[in-house]
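Keep in mind the model is a prediction, meaning the values are calculated, not measured. Order of listing sets the numbers, starting from 1, for every ligand and every atom in it.
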Amino acid sequence: MLVFGGTGDLALHKLLPALYYLHRDGRLHADMRILALARRAHSREAYQALAERHCRAQVARADFDNDTWHAFAARLDYFAMDASQSADFGRLGKRLGTNDERVRVYYLATAPDLFEDIASHLKIAGLAGPHARIVLEKPIGHSLQSACAINAAIGAVFDEARVFRIDHYLGKETVQNLMALRFANALFEPIWRAAHIDHVQISVCETIGVENRGAYYDNAGAMRDMVQNHLLQLLCLVAMEAPVRFDAESVRNEKLKILEALKPITGLDVRDKTVRGQYAAGKIGGQEVPAYYFEKNVDNDSDTETFVAVQAEIENWRWAGVPFYLRTGKRLSKKTSEILIQFKPVPHQLFGPGEANRLLIRLQPEECISLQLMAKNPGKGMHLEPVELDLNLAHAFRKKRRWDAYERLLLDVIDGDSTLFMRRDEVEAAWQWVDPILQGWQSYYESPRTYPAGSSGPEQAGLLLERAGRKWME
Ligand code: BG6
């Protein structure tokens, strides 16, 4: 496995710790080698020391031991090169040798503007043989046009079966459990439709700011960083029809149909159905934090959004008229990723006003699926209250360590299974829906709404639901 961007945050914080765990659990082939690539000059030992520091910080203390680390580090090497320079790929080729029989995974943990160069340089250097696979990190491009250009350039070198567009949300255990819940239980299917569901909320709220990714983030913003990929993928899994088989093509065909059925948000709808925000100074966990535009490598008068709320609609038979409210933001009061399915109230309220059923699927911080039902409060009289029927997944499977999303996805790449990766047409369909919203924001010359760090986002996000008599689940 060759990791471009080997000294970056993603490689050090996510990929190497995930590979360490896979190694520790005996899931990597004995001959597997990991070569980190980046511009900086590092000796092999210096890189291993850097990797160790990060792995120690990311891996649970009880799971890290020196012997395992040394055995893992023996797989790990470093090669300094400039991925934009074709000549450096010649040097890389010499370093790798000519053994083309082995599966070779190129993991592009770099900015998307390097993807096209890397793919073509790999081809010219003769490094993209039939056993080579390429992994692309999201976001793929900056717009539909740039995504198409990247996809075309990658497609000219690697056929689609060897392209793995990663969205780590698809590797999260509860996200896959959502498919199990829907397609392995008969209970929900009959009511999983507009006739019984009032609306759906998908919230991915974070407390962190942009950390040391200011340069990337200021160019991307929450729409490209989160909505175009993670939130739309979650929406697809909630809304898609049951695939014929659980394989890459069947699952992705169904997701694509949902993306294509998303009602375009254009013109004045951009104002009515979307809210973008940017955090001002505030407090997170009692600590003062600066406003977004004071973050490192962020423009002082940046109008990049760090919060987005959107009211999406899916124009098909199952979902016509059901709003899907999407919300994501940085520097919010709590870190949670949740999907809420709000059912409609009973047609006749026998016991007086009561709350309608809701199903909560929580991905983070703890994984759980919980169904809110109305039950009688013990004692005289029919006093009803909402109670939770909980499926606590961490508890139900407590003997098993919870895998990080990257562990599963890296193993899938090695196995050549692309079920949990985004296909080219999916990525482009997602951009097709996102682009007009981004363009609308530009053409209105309206700055993002500010919200204090540590709050639940700009108040306009609340109004998006309140005007329809609904509210965000807090
Ligand atoms: C990444 C985004 O894809 O997902 C980050 O680039 C974000 O900005 C992260 O913080 C959130 O992932 P998770 O797994 O912590 O919810």
Side-chain angles (χ1 to χ4, degrees), residues 5 8-15 17-18 21 54 57-58 107-113 115 135-142 147 164-178 202-235 237 276-279 284 289 292 295-298 302 304-308 326-339 361-368 394 402-410 420-422 427 430-431 434 453 457:
D9 272 6
L10 178 69
L12 295 170
H13 293 167
K14 292 286 183 189
L15 304 181
Y21 267 115
H54 283 87
Q58 302 297 327
Y107 198 118
L108 273 48
T110 65
D113 49 13
F115 291 176
V135 186
L136 308 177
E137 263 295 329
K138 48 115 305 230
I140 313 280
H142 204 249
F164 293 79
R165 295 179 193 80
I166 210 159
D167 180 319
H168 78 280
Y169 265 61
L170 294 178
K172 288 185 190 278
E173 201 66 50
T174 323
V175 175
Q176 289 158 56
N177 245 313
L178 176 58
I202 302 179
S203 300
V204 178
C205 305
E206 299 187 276
T207 50
I208 55 168
V210 292
E211 303 191 295
N212 46 11
R213 300 160 73 221
Y216 151 74
Y217 195 90
D218 206 32
N219 244 310
M223 188 60 132
R224 295 183 177 94
D225 185 49
M226 298 293 287
V227 179
Q228 192 273 344
N229 31 80
H230 303 327
L231 277 89
L232 285 184
Q233 286 292 321
L234 294 180
L235 175 143
L237 295 181
R276 60 172 184 152
Q278 188 188 83
Y279 60 81
I284 301 269
V289 296
Y292 171 70
E295 299 275 15
K296 203 168 93 197
N297 296 329
V298 167
S302 168
T304 298
E305 77 287 355
T306 60
F307 178 98
V308 179
L326 314 180
R327 165 177 72 158
T328 184
K330 295 210 178 278
R331 289 287 192 225
L332 298 176
S333 56
K334 282 187 298 201
K335 177 170 173 74
T336 50
S337 300
E338 302 176 329
I339 300 169
I361 299 149
R362 179 172 289 145
L363 282 52
Q364 319 184 120
E366 77 282 4
E367 295 171 50
C368 80
R402 315 307 282 162
W403 284 36
D404 180 77
Y406 278 98
E407 290 178 55
R408 164 186 312 274
L409 295 175
L410 286 171
L420 298 177
F421 295 81
M422 295 181 289
V427 172
W431 278 118
V434 160

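Shortest contact from atom 12 (O) of ligand 1 to any protein heavy atom: His168 NE2, 3.1 Å. Remark: minimum distance from atom 15 (O) of ligand 1 to any protein heavy atom is reached at Lys335 NZ, 3.0 Å. Counting protein heavy atoms only, atom 9 (C) of ligand 1 is closest to Glu206 OE2, 4.0 Å. Nearest protein heavy-atom contact of atom 16 (O) of ligand 1 is Tyr169 OH, 2.5 Å.
The side chain to side chain contact (heavy atoms under 4.5 Å, CB included) test with Leu326 is passed by exactly one of Val308, Leu232, Val204: Leu232. Looking at Gln364, His230, Lys172, Arg362 one by one, the single match for side chain to side chain donor-acceptor pair (under 3.5 Å) with Ser337 turns out to be Gln364. Only one option out of Glu305, Glu211, Glu206, Glu295 pairs with Lys330 in a side chain to side chain contact (heavy atoms under 4.5 Å, CB included); it is Glu206.
Using a 4.0 Å cut-off to heavy atoms of Ile208, the atoms of ligand 1 that qualify are 10 (O). Here is the list of ligand 1 atoms found below 4.0 Å of a heavy atom in His230: 1 (C), 3 (O), 4 (O). Ligand-side atoms of ligand 1 in range of Lys138: 1 (C), 2 (C), 3 (O), 6 (O), range being under 4.0 angstrom from any heavy atom. Contact atoms of ligand 1 toward Lys172: 13 (P), 14 (O), 16 (O) (distance under 4.0 Å to a heavy atom of the residue). Distances below 4.0 Å separate heavy atoms of Lys330 from the following atoms of ligand 1: 5 (C), 7 (C), 8 (O), 10 (O).
Residue contacts with ligand 1 for Val204 are absent, since no atom lies close enough (heavy atoms, distance under 4.0 Å).
Residue contacts with ligand 1: Tyr217 is placed with no nitrogen or oxygen under 3.5 Å of a nitrogen or oxygen of the ligand (distance criterion only).
Side-chain atoms of Gln58 and Tyr21 form no donor-acceptor pair, as typed in the model, at a separation below 3.5 Å. No side-chain donor-acceptor contact under 3.5 Å links Asn297 and Tyr216.
By heavy-atom distance, the residue among Thr328, Val210, Leu363, Asp225 lying nearest atom 2 (C) of ligand 1 is Asp225.
Under the 4.0 Å criterion applied to side-chain N and carboxylate O atoms, Arg402 and Glu367 are assigned as salt-bridge partners. A salt bridge links Lys138 with Asp225: the distance from a Lys NZ or Arg NE/NH1/NH2 to an Asp or Glu carboxylate oxygen falls below 4.0 Å.
Between Tyr107 and Tyr406, the ring planes are tilted. Angles from 30° to 60° get that label.
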